[in-house]
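Have a look at the structure below, then the notes.
We name chains A, B, ... by the order of the sequence lines, and we start the count at 1 in each one. Quick note: numbers below take in every heavy atom, side chains included, and nothing from hydrogens, waters or symmetry partners.
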Protein chains: 2
Amino acid sequence: MAPNMVLNNYISVDCVVFGFNFEKLNVLVVERTLSDGSGEIEFSDLTLTGNHIYEDETIVEAADRILFDLTGLADIYLEQFKTFASPDRLKKENDRKWLLHDGRDPDKRIVSVGFFALLATQKVTIEWKGRNVKWMPVDEVGKLAFDHNLILEEALKALRSKLLHEPIGFELLPEKFTLSQLQKVYEIILDTTFDKRNFRKKVARMKYLIPLDEKQKGVAHKPARMYLFSREVYELTRKEILNFIV
Amino acid sequence: MAPNMVLNNYISVDCVVFGFNFEKLNVLVVERTLSDGSGEIEFSDLTLTGNHIYEDETIVEAADRILFDLTGLADIYLEQFKTFASPDRLKKENDRKWLLHDGRDPDKRIVSVGFFALLATQKVTIEWKGRNVKWMPVDEVGKLAFDHNLILEEALKALRSKLLHEPIGFELLPEKFTLSQLQKVYEIILDTTFDKRNFRKKVARMKYLIPLDEKQKGVAHKPARMYLFSREVYELTRKEILNFIV
DNA sequence: CACCTTAGTGTATTTTTTACACTTTACTTG
DNA sequence: CAAGTAAAGTGTAAAAAATACACTAAGGTG
């Protein structure tokens with residue numbers, strides 16, 4: 001056995017939970033606070049949400065469990081995007097103080113399998129199970145603990161790439177949504193704008209976006225038509241689009 | 001600490017090395033043989049090529065090292081595509097007999113970070129370092145050890161998806177290549193055919209495919225013009241193509 | 001030098017992309 | 001209840017890209 005082989009590793013799953021609120025792309029963060037016993041808060045920081053994989057679980061099961069613990073939701077779009085492990089993942093700056101409290105040995109490596117989840121922010125009841133969880137716009141997230149800024153950055157790259165190549169925008173919206181809402185998803189995440197008429201022409205060709213006989217309610221202007229994504233139609237009509245064949 | 005938290009894990013990197021020989025897509029496999037001491041071979045099977053991550057390495061460094069050990073090559077296209085870990089990854093069928101010889105505890109989980117590499121088969125001098133390594137056409141690979149058939153399947157999916165959306169086909173060819181060779185890469189991997197004239201019209205638009213004043217040699221027919229991929233031009237002119245904006 | 005094999009090329013049609021501005025609808029406010 | 005306001009919804013012309021399709025050119029081989 002090689003002398004410098006790594007035998008003891010913590011395997012964890014980190015979930016980058018993206019939520020759209022019709023305005024901005026948000027991410028779920030957990031605030032950790034550490035008291036010194038007198039009731040004073042000694043440290044406080046923000047992390048993405050992760051946990052270890054249990055012995056009898058697959059990676060996907062762990063990711064589903066973590067997402068459920070965090071949001072109370074199942075059947076959420078969830079995708080493995082990248083795995084992270086640097087020898088110094090746990091040795092940075094002021095992270096050590098946490099590790100002692102977590103009972104984790106800071107000299108061991110944590111390998112983290114990154115997932116991203118997509119949902120409409122409104123689906124999550126914050127304070128689920130009393131966890132100190134909150135939505136933050138991704139462009140306002142400051143320093144996160146560990147290497148979680150890196151993980152968030154990579155999750156964003158993966159999300160953008162996926163959004164460009166597969167129809168997943170509606171995963172960030174309620175089940176029924178308007179075309180303007182959908183357009184906004186693309187505009188915000190890809191940091192661009194689209195012409196409304198051209199966007200709608202494109203939608204018209206995507207047969208899996210089904211217009212409903214139902215209108216938006218409670219808005220102070222002409223109410224928009226609601227749409228639905230049909231997975232059945234999508235699976236039937238999907239064909240790979242070869243853009244970059246060279 | 002949760003009682004069923006997994007603390008001891010082996011983290012390994014598995015490389016699916018794809019090679020194109022102008023005919024078929026191949027994959028590098030390693031033959032393992034186990035003798036009973038009398039010189040007779042007791043077991044023999046095929047695996048993809050993996051190894052553990054050392055303490056002072058990042059994941060990418062480990063992947064580069066594994067690829068170099070296997071092929072003697074550096075600077076090869078290499079991409080992390082998926083991470084695998086099932087509780088029963090090591091407990092299948094007749095795999096246990098191997099584990100005892102490897103000094104690995106079969107009750108521990110191996111988490112495997114999957115990479116795929118792309119190169120022209122001719123670049124690899126087989127029998128590098130005397131390892132029992134060989135190219136096999138991917139459509140002729142039979143049963144592999146562990147869950148390596150699954151890993152190969154997923155690598156193929158990732159390769160196809162990447163090929164559809166980014167210009168990487170030439171990574172499977174020598175530095176200088178002809179357009180017919182490039183077309184063949186796409187046809188074989190995507191299991192389709194393209195019209196030659198339309199394919200070339202598309203190439204003409206991809207400014208990063210540079211025609212050379214150099215012709216194919218040693219062929220019994222009209223020699224083709226050689227082309228080169230220019231990363232510089234690609235980076236300058238690249239723009240995301242929004243296919244699936246909905 | 002005839003033949004074999006692959007390289008290389010053009011055009012017409014359809015589809016998709018792009019650029020661009022006004023009318024409609026429902027609610028709100030005075 | 002009329003006017004205002006805010007976003008919804010719609011068409012067209014021009015350019016670019018995709019598709020379908022068949023012959024000539026070049027070099028090596030026997």
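Between the CD atom of B/Q183 and the P atom of C/dT6 there is a distance of 13 Å, rounded to whole Å. As a whole-Å value, the separation of B/N198 CG from D/dA18 C1' is 7 Å. Rounded to whole Å, the distance from CG on B/D195 to C1' on C/dT11 is 13 Å. Regarding B/L182, its CG atom lies at a distance of 16 Å from the C1' atom of C/dT6, rounded to whole Å. Across the protein-nucleic acid pair, B/M226 atom CE and C/dA7 atom P stand 11 Å apart, rounded to whole Å. Atom NZ in A/K217 sits roughly 20 Å away from atom P in D/dA7 (whole-Å rounding). For the pair A/Y227 OH and D/dA8 P, the interatomic distance rounds to 12 Å; values are reported in whole Å. Rounded to whole Å, atom C1' of D/dA18 lies 13 Å from atom CZ of A/R205.
Between D/dA8 and A/S180, a contact under 4.0 Å exists linking OP1 or OP2 to a side-chain N or O. B/R197 has no side-chain polar atom (N or O) that falls below the 4.0 Å cut-off from OP1 or OP2 of C/dG10.
Looking at the side chain of B/P223, the nearest of the listed nucleotides D/dA8, D/dG27, C/dG8 is D/dG27. Listed candidates were D/dA18, D/dA6, C/dA7. Nearest to the side chain of B/K202 is D/dA18.
Here the options are B/F20, B/Y227, B/F229, the test is ring pair (Phe, Tyr, Trp, His ring centres under 6.0 Å), and the partner is B/F170; only B/F229 passes.
Electrostatic pairing of B/K184 and B/E187 does not count as a salt bridge here, judged by no charged N lying under 4.0 Å from a carboxylate O. At a threshold of 4.0 Å, the pair B/E175-B/R231 does not count as salt-bridged, since none of the basic side-chain nitrogens sits closer than that to a carboxylate oxygen.
The base of D/dT10 does not come close enough to the side chain of A/K201 for any donor and acceptor atom to sit less than 3.5 Å apart. Side-chain N/O atoms of A/K196 and base N/O atoms of D/dG9 include a donor-acceptor pair closer than 3.5 Å.
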